[in-house]
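What follows is a short report on a single structure.
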Amino acid sequence: MLEQIIPIIREAGRIVLSARDAAARTREKTSAADLVTEYDLAVETFLKEKLPPLVPGSVFFGEEEEENADPSRGWAFIVDPIDGTTNFVRGLRQSAVSVALAHDGTVEYGVVYDPYKDEMFSARRGGGAFLNGQPIRVSRRPIEQGVFGMGTAIYRREYLEPTMRLTEQLFRRSCDFRRLGAAALDLCNVACGRTDLFFEYSLCPWDQAAGSLIVTEAGGFVCTLEGGPLSLTDRCSVWASNQVNKDLLHELEV
Ligand code: 2AM
Ligand code: CA
C-alpha cells in the first residue's frame, strides 16, 4: 500500500513546489490566521481523485472538503493537502502533504512529505517508520538535553494561557524550543530524533493522524495532554515524545 501511496504524494508535492504567488491566491476561511490557497484546493482535488481508487469502498476525509465523510468506519483516507498553510503563503518553505489511511478508526498507514527537503516519512502499523526508505527512531535524550516543538493552537485562543504555561515549564527544564507551524512535520521531527518532544493543545485529525503513527512506529509515545488516545473525528490535544520523556507529562501542570 505504501508503495502505491508514496508516488501519488510525491506528485502532490510537485504541485506545492510549482506554486507561484501563493499569497495572492489565498482567502481567509474563519479568520486571518485560517487560510486556504488555490494550491491547498488543487492538491486536495488531485489526492481525492488518486487515493480512493487504491482501496475500493474507502472514503476521503480532507481538510478542505465541505462535506466530510466519517473517518472512523471502514477504510478512510485522512488528508491535509498542505499542512503549514501560513508558512506556505509566506514562503517559509516549511510545509508538508499529510496522508493517513485508517481502518475502523485505527491509523494503519501514514505518510508525510516535505517537498522542500524532498523528505518522505512513512509508516505502516507494526512495520516501523522510515525517512526516504531508511528506518528512523526517536531520540534517547532526556528533557535536560532536549529541544522540544510546540504549536500555539491559533484557532482556539482560549488555549493561549495553558500553552504558554506548559511552554515555560518545559523551557525551564530543556535547552530550547521551536514553533515551526506545521504539526505533521513537528511530529516527524520527534519520530526521527531531531527534536525530543512536541505538544499542541488543539489539532485536527488531518494534522496529526499520519504523523502520530510515524512517531509510534519510530518507537515514540503519543497521547493527548489528558493522557488518552488521539481522535480521528474531532480536534484534540497532542503530546508526542521519545521513551525517555514519556512520563514527563505527569510531572507537568497542563
Ligand atoms: P494547517 O497549516 O494545515 O492549517 C499550527 O499550529 C498547526 O495547526 C498547523 O499544523 C495547522 O495546519 C494546524 N491547524 C490548522 N487549522 C487548524 C484548526 N482549525 N484547528 C486546529 N489546528 C489547525
Ligand atoms: Ca492544511
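By convention here, the first residue in the shown sequence is residue 1. As the structure lists them, so they are numbered: ligands from 1, and atoms in each ligand from 1.
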Ligand 1 versus Gln94, non-hydrogen atoms closer than 4.0 Å: side chain, backbone, both, neither? neither

Specify side chain, backbone, both or neither for Asp207, according to which of its non-hydrogen atoms lie closer than 4.0 Å to ligand 1. side chain

We want to know whether Thr85 and Asp40 form a side-chain donor-acceptor pair, criterion being a heavy-atom distance below 3.5 angstrom. yes

What protein heavy atom is closest to atom 6 (O) of ligand 1, reported as residue, atom name and distance in Å? Glu200 OE2, 2.7 Å

Closest protein heavy atom to atom 20 (N) of ligand 1, given as residue, atom name and distance to 0.1 Å: Arg235 NH1, 2.7 Å

Tell me whether Gly84 has any N or O atom under 3.5 angstrom from an N or O of ligand 1. yes

Pairs of nitrogen or oxygen atoms closer than 3.5 Å, one from Asp34 and one from ligand 1: do any exist? no

Heteroatom test (N, O or S) for Glu63 near the Ca ion (ligand 2), limit 3.0 Å: yes

Side-chain donor-acceptor pair present, Asp34, Ser31, cut-off under 3.5 Å: no

Arg156, portion touching ligand 1 at heavy-atom distance under 4.0 Å: neither

Have a look at ligand 1 and work out which part of Leu35, if any, has a heavy atom under 4.0 Å from it: side chain, backbone, both or neither. neither

Any nitrogen or oxygen of Gly181 lying under 3.5 Å from a nitrogen or oxygen in ligand 1? Just yes or no. no

I'd like to check Val36 versus Glu64 (side-chain heavy atoms, cut-off strictly below 4.5 Å). Are they in contact? yes

Quick one, Ile214 and Val112 - any side-chain contact, counting heavy atoms below 4.5 Å? yes

Please check whether Ala183 reaches ligand 1 - meaning an N/O of the residue sits under 3.5 Å from an N/O of the ligand, judged on distance alone. yes

Identity and separation of the nearest protein heavy atom to atom 21 (C) of ligand 1: Ser202 O, 3.4 Å

Is the shortest side-chain heavy-atom distance between Pro81 and Glu63 below 4.5 Å? yes

Verdict with supporting geometry, Asn245 and Ser241, side chain to side chain donor-acceptor pair (under 3.5 Å): CA-CA 6 Å; Asn245 295 319; Ser241 78; 5.9 Å; no

Which of the atoms in ligand 1, numbered in the order shown and given with their element, are less than 4.0 Å from a heavy-atom of Arg179? 5 (C), 6 (O)

Shortest protein contact, atom 9 (C) of ligand 1 (heavy atom only): Asp83 OD1, 3.7 Å

Joining Ile, Leu, Val, Met, Phe, Trp and Tyr whenever any side-chain heavy atoms lie under 4.5 Å apart, the cluster holding Met164 also takes in Leu160

Looking at Tyr39, is Arg25 sitting on its ring face, NZ or CZ under 6.0 Å from the six-membered ring centre and within 45 degrees of the normal? no

Any heavy atom of Ile82 sitting closer than 4.0 Å to ligand 1? yes

If you scan protein heavy atoms around atom 3 (O) of ligand 1, the nearest is Asp80 OD2, 2.9 Å

In the protein, what heavy atom is nearest to atom 4 (O) of ligand 1, and what distance, to one decimal place, separates them? Tyr155 OH, 3.6 Å

Regarding Ser139 and Asp196, do their side chains bring together a donor and an acceptor under 3.5 Å, going by distance alone? yes

Member of Arg125, Met1, Arg124, Glu108 meeting the side-chain contact (heavy atoms from CB on, under 4.5 Å) criterion with Leu101: Met1

Which N, O or S atom of Asp80 lies nearest to the Ca ion (ligand 2), by name: OD1

Atom pair CD1 (Ile6) and OH (Tyr113), whose distance is rounded to the nearest 0.5 Å: 10.5 Å

Do you see an N/O/S atom of Ile82, backbone or side chain, under 3.0 Å from the Ca ion (ligand 2)? yes

For Arg140, does the CZ atom have more than 12 heavy-atom neighbours from other residues, nucleotides or ligands under 6.0 Å away? no

